[in-house]
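For reference, the structure is listed below as structure tokens.
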Amino acid sequence: MCRWVLILRWRKCYSTLAITANSKIAEYARLGQIDNARRVFDHIPHKGVVSWNSIIAGYFQNKQPSEAQSLFDQMPDRNLVSWNGLISGYVKNGMVDEARKVFDEMPERNVVSWTAMVRGYVEEGLVSEAEALFWQMPEKNVVSWTVMLGGLIQQGKMEEAQRLYDMMPVKDVVARTSMVGGLCQEGRLGEAREIFDNMPHRNVFSWTSMISGYAQNEKVDLARKLFEVMPEKNEVSWTAMLMGYIQSERIEEALELFDAMPIKSIVACNAMILGLGKNGKVTRARRIFDSMRVKDDAAWNAMIKVYERKGFDLEAFDMFRCMQRQGLRLNFPSLISVLSVCASLASVNHGRQIHAQLLRSKLDDDVYVSSVLITMYVKCGDLIKAKQVFDRFSLKDVVMWNSIITGYAQHGLADETLQAFREMCSLGIAADAVTFVGVLSACSYTGKVKEGKEIFEAMKSKYLVDPGTEHYACMVDLLGRAGHLVEAMDMINKMPVEADAIVWGSFMAACRNHMNLDLAEVAAKQLLQLEPQNAGHYVLLSNIFASKGKWGDVAKLRKHMRLRKVSRSPGCSWIEVDKKVHMFTGGEHMPHPEHPMIVEKLESLAALLREAGYVPDGSFVLHDLDEEEKVRSLGHHSEKLAIAYGLLKLPGGMPIRVMKNLRVCGDCHVAIKLISKVTGRLIILRDANRFHHFEDGVCSCNDYW
DNA sequence: GTAGGGTTAG
């Protein structure tokens with residue numbers, strides 16, 4: 001008697017233990033600690049079928065389908081749950097074919113098996129396969145119907161979805177919620193609301209679905225009304241509401257809601273960071289980022305993207321490095337952002353490093369990534385490497401062709417640009433608007449007026465691409481540079497759309513280069529109207545007035561500038577030395593630590609230049625200084641500082657690559673040509689528009705920029 | 001304790 005009790009007690013205890021072990025397996029698997037789950041599994045003395053099922057599901061959950069399959073093969077006995085688990089495991093790993101094989105081979109099937117398989121097809125977007133299977137099902141229940149419904153909705157087949165929904169014998173909360181979501185996606189808010197209102201039961205999901213529907217369709221206030229009355233909210237509901245404000249750019253209200261959120265989900269934080277970034281509130285975005293206890297890939301990407309978009313390249317890069325130091329894996333969006341950062345910083349070394357990582361993680365055989373890579377190398381001035389990446393890729397799309405075409409154009413290689421353009425056309429790839437910007441600007445940079453005009457005409461008639469403002473800007477630039485100012489003006493007047501600042505800016509520069517002060521004045525006034533905050537326009541107009549001796553107008557303009565609180569966007573140049581980017585600003589507010597040495601170098605250079613016959617040209621300076629002061633101010637233009645630093649730090653024979661955020665000024669251009677001559681160094685300068693290769697006193701732009 | 005459905009982002 002006593003013995004039996006003991007045995008029974010022992011058995012009871014044993015089964016409790018097994019259950020605990022099985023839940024431990026599931027728990028570890030959920031946390032991504034599959035090895036711990038396995039350890040628990042291995043220590044169970046007499047493993048039941050549930051333990052096996054649990055560990056197999058765990059491996060599927062942790063993206064190790066082959067290990068799961070191998071365990072399945074070793075199982076002493078399997079039940080229907082094991083088979084169904086295998087199907088759903090493959091489905092979750094996007095392996096429909098494997099799932100189907102299991103489905104065909106299994107000894108018996110129930111509704112769950114069928115539903116899982118239908119779901120598998122739906123996940124892959126194979127709706128017709130899903131439908132075929134669905135109608136073959138020996139029995140269906142609400143879940144199977146809902147899976148099929150979800151598939152149709154996901155594919156945007158709303159009429160079919162509607163029909164299926166009407167046919168459903170039983171509609172529960174889930175099915176109704178699905179339908180609400182589908183209708184909202186189509187903007188059919190009224191119908192969605194009707195289903196919502198007529199639901200016998202509503203839960204958080206249904207409420208959130210309706211709220212999100214309003215929020216996504218620019219009905220934020222309606223969303224808010226519902227949000228206020230919903231009985232219980234979870235973090236997803238809060239986030240859905242938040243997204244509404246962010247998407248309608250109502251950033252203050254978004255912030256208010258965000259601060260009120262009881263639980264700030266990662267999704268909410270990430271969305272808030274991006275939203276703030278879009279609205280220029282970078283510091284606030286950073287504060288939220290720092291406050292996040294757990295940061296996922298998306299959080300890092302969001303922060304990197306915010307910095308990248310704002311042009312805070314160094315910060316973006318630091319962030320990326322920080323992310324890697326935390327041991328986070330490279331992922332697609334952050335790679336794209338950071339490659340753009342490398343491109344904009346023209347940091348070849350960093351770019352190459354990332355390229356290497358790309359190769360290792362096998363992310364490089366993607367059109368998108370390759371195009372960004374090409375652009376990166378182009379902007380870093382390494383056309384050879386850009387071409388290598390380009391050639392390596394077999395299935396090139398327009399974007400990739402555009403990358404290399406624009407690259408050649410920016411380096412002033414018109415023949416290569418045109419050749420690539422022809423090659424692309426002969427391969428039957430349709431040129432788009434971006435292609436023509438590249439081709440036309442190449443013609444413009446190199447004075448190919450005839451070719452440019454022909455291409456511009458062909459663009460409309462032969463390639464059927466409507467010219468946009470950017471193409472007119474190219475044409476105005478092309479004509480203007482070549483001195484056909486009247487024709488350029490004519491082009492502006494004939495434009496179907498209003499000329500923007502870029503068009504007028506090109507025209508302006510042309511007038512200045514060809515010393516047509518009257519037309520320049522017209523252009524400058526237009527520019528001031530279009531961009532009253534851009535200090536560059538004041539500088540230009542002021543220079544024109546000064547050249548004409550209209551000192552009264554100069555004074556008036558300055559006063560105007562002060563009144564409107566316009567400040568010059570600071571010129572800034574940078575150079576990469578020892579894998580570090582060194583920034584230089586024109587003034588002496590934030591001097592480089594090695595400033596004295598650089599100034600010394602500049603002075604010795606100045607002496608050499610004077611010997612070579614260089615006379616500083618003060619007309620490029622805005623400030624009303626006396627001659628000597630002007631020379632000093634010119635001497636400290638940021639590009640010269642950066643070049644001097646490069647001369648000091650980079651071994652002889654190595655090209656000096658300098659980047660500048662504005663267009664290089666005329667005086668610097670003359671001076672740098674001479675510097676390349678007296679020092680015998682190749683100097684590559686990337687300014688806001690294009691590349692200048694200075695060698696032995698000559699620039700690749702032929703003084704035409 | 002193990003198998004099938006609905007809500008937030010990029």
Side-chain angles (χ1 to χ4, degrees), chain A residues 15-27 29 40 44 48-58 60-61 78-89 91-92 102 106 109-120 122 137 140-151 153-154 171-182 184 202-213 215-216 230 233-244 246-247 261 265-275 296-299 301-302 305 331-334 336-337:
Chain A
S15 64
T16 326
L17 260 177
I19 290 171
T20 318
N22 294 339
S23 22
K24 272 287 161 212
I25 292 174
E27 196 185 322
V40 174
I44 301 174
V49 67
V50 179
S51 308
W52 284 92
N53 291 346
S54 304
I55 191 69
I56 290 169
F60 273 123
Q61 221 175 48
R78 312 174 176 106
N79 59 14
L80 194 48
V81 175
S82 325
W83 286 99
N84 287 341
L86 205 57
I87 296 183
S88 89
V91 165
K92 279 179 195 133
V102 177
M106 62 200 290
R109 294 184 270 266
N110 64 3
V111 217
V112 178
S113 340
W114 285 85
T115 308
M117 198 57 233
V118 172
R119 170 84 185 152
V122 163
M137 283 179 78
K140 308 178 186 59
N141 60 18
V142 220
V143 180
S144 349
W145 281 91
T146 314
V147 167
M148 196 59 242
L149 182 73
I153 290 173
Q154 200 192 298
K171 302 176 180 61
D172 65 1
V173 218
V174 181
R176 287 171 209 262
T177 304
S178 244
M179 202 56 199
V180 168
C184 286
R202 281 181 282 267
N203 58 20
V204 202
F205 284 83
S206 355
W207 282 92
T208 307
S209 208
M210 196 62 236
I211 287 170
S212 150
Q216 302 298 318
M230 77 187 279
K233 307 172 175 73
N234 64 12
E235 51 177 86
V236 181
S237 343
W238 281 89
T239 310
M241 191 59 240
L242 182 73
M243 297 304 309
I246 293 175
Q247 267 160 22
M261 280 175 83
S265 63
I266 297 188
V267 178
C269 291
N270 294 350
M272 200 64 239
I273 288 171
L274 284 171
D296 63 352
D297 289 5
N301 297 339
K305 188 145 195 62
N331 59 74
F332 224 76
S334 63
I336 302 289
S337 298

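Proteins get letters first, then strands, A, B, ... in listed order; numbering begins at 1 in each.
Between A:Q216 and the phosphate of B:dA9, there is a side-chain N or O to OP1/OP2 separation shorter than 4.0 Å. Between A:R119 and B:dG6, a side-chain N or O to OP1/OP2 separation shorter than 4.0 Å is present. At the phosphate of B:dT8, neither OP1 nor OP2 sits under 4.0 Å from any side-chain N or O atom of A:S265. Phosphate proximity of B:dG4 to A:K92: present, with a side-chain N or O under 4.0 Å from OP1 or OP2.
Residue A:I87 contributes atom CD1, which lies 19 Å from atom P of B:dT2 at whole-angstrom precision. Residue A:K305 contributes atom NZ, which lies 17 Å from atom P of B:dA9 at whole-angstrom precision. In this structure, the CG atom of A:L80 is 12 Å from the P atom of B:dG4, given to the nearest Å. Rounded to an integer number of Å, the gap from A:M261 CE to B:dA9 P is 12 Å. As a whole-Å value, the separation of A:Q61 CD from B:dT2 P is 10 Å. Spacing between atom CG of A:L86 and atom P of B:dA3 amounts to 13 Å, rounded to whole angstrom units. Following rounding to the nearest Å, A:W114 (CH2) and B:dG5 (P) show an atom-to-atom distance of 18 Å. One can place CD of A:E27 at 12 Å from P of B:dG1, the figure rounded to the nearest angstrom.
No contact: A:A268 has no heavy atom under 4.0 Å from any strand. Using a 4.0 Å heavy-atom criterion, one finds that A:N79 contacts no nucleic acid atom at all. If you check every strand for non-hydrogen atoms under 4.0 Å, A:T177 touches a base. Contact annotation for A:V147: backbone-only contact, meaning every heavy-atom pair under 4.0 Å involves sugar-phosphate atoms and none involves a base. Among the atoms of the strands shown, none is found under 4.0 Å from any heavy atom of A:N301. At the heavy-atom level, A:A57 lies nowhere under 4.0 Å from the strands shown.
Set against B:dG6, B:dG5, B:dG4, the side chain of A:D172 has B:dG5 as its closest nucleotide. With B:dG4, B:dT7, B:dT8 as the candidates, the nucleotide lying closest to the side chain of A:S144 is B:dG4. Counting only heavy atoms from C-beta on, A:T208 has its side chain closest to B:dT7 among B:dG4, B:dT7, B:dA3. The nucleotide whose nearest atom lies closest to any side-chain atom of A:V111 is, among B:dG4, B:dA3, B:dT7, B:dG4. Nearest nucleotide to the side chain of A:M243, out of B:dA9, B:dG1, B:dA3: B:dA9. Looking at the side chain of A:V174, the nearest of the listed nucleotides B:dG5, B:dA9, B:dA3 is B:dG5. The nucleotide whose nearest atom lies closest to any side-chain atom of A:V112 is, among B:dG1, B:dA3, B:dG6, B:dA3. Side chain of A:N203, nearest nucleotide from B:dA3, B:dG5, B:dG6: B:dG6. Set against B:dT7, B:dG1, B:dG10, the side chain of A:N234 has B:dT7 as its closest nucleotide. When the nucleotides B:dG6, B:dG4, B:dG5 are ranked by their closest atom to the side chain of A:A116, B:dG4 comes out on top.
No side-chain heavy atom of A:F205 sits less than 4.5 Å from a side-chain heavy atom of A:V236. Proximity of A:R202 to A:R176: side-chain heavy atoms (C-beta onward) are nowhere separated by under 4.5 Å. Contact check for A:M230 versus A:T208: side-chain heavy atoms found under the 4.5 Å cut-off. Side-chain contact between A:S82 and A:I56: absent, with no pair of heavy atoms (C-beta onward) separated by less than 4.5 Å.
The minimum heavy-atom distance between A:S212 and A:A240, with the atom names listed, is CB-CB, 4.0 Å.
Residue A:T146 places a side-chain atom within donor-acceptor reach of the base of B:dG5, judged by atom type and a 3.5 Å distance cut-off alone.
Distance check: A:Q247 CD to A:L242 CG gives 10.0 Å after rounding to the nearest 0.5 Å.
Under the side chain to side chain contact (heavy atoms under 4.5 Å, CB included) criterion, A:N110 pairs with A:L80, A:N84, A:V112, A:S113, not counting sequence neighbours.
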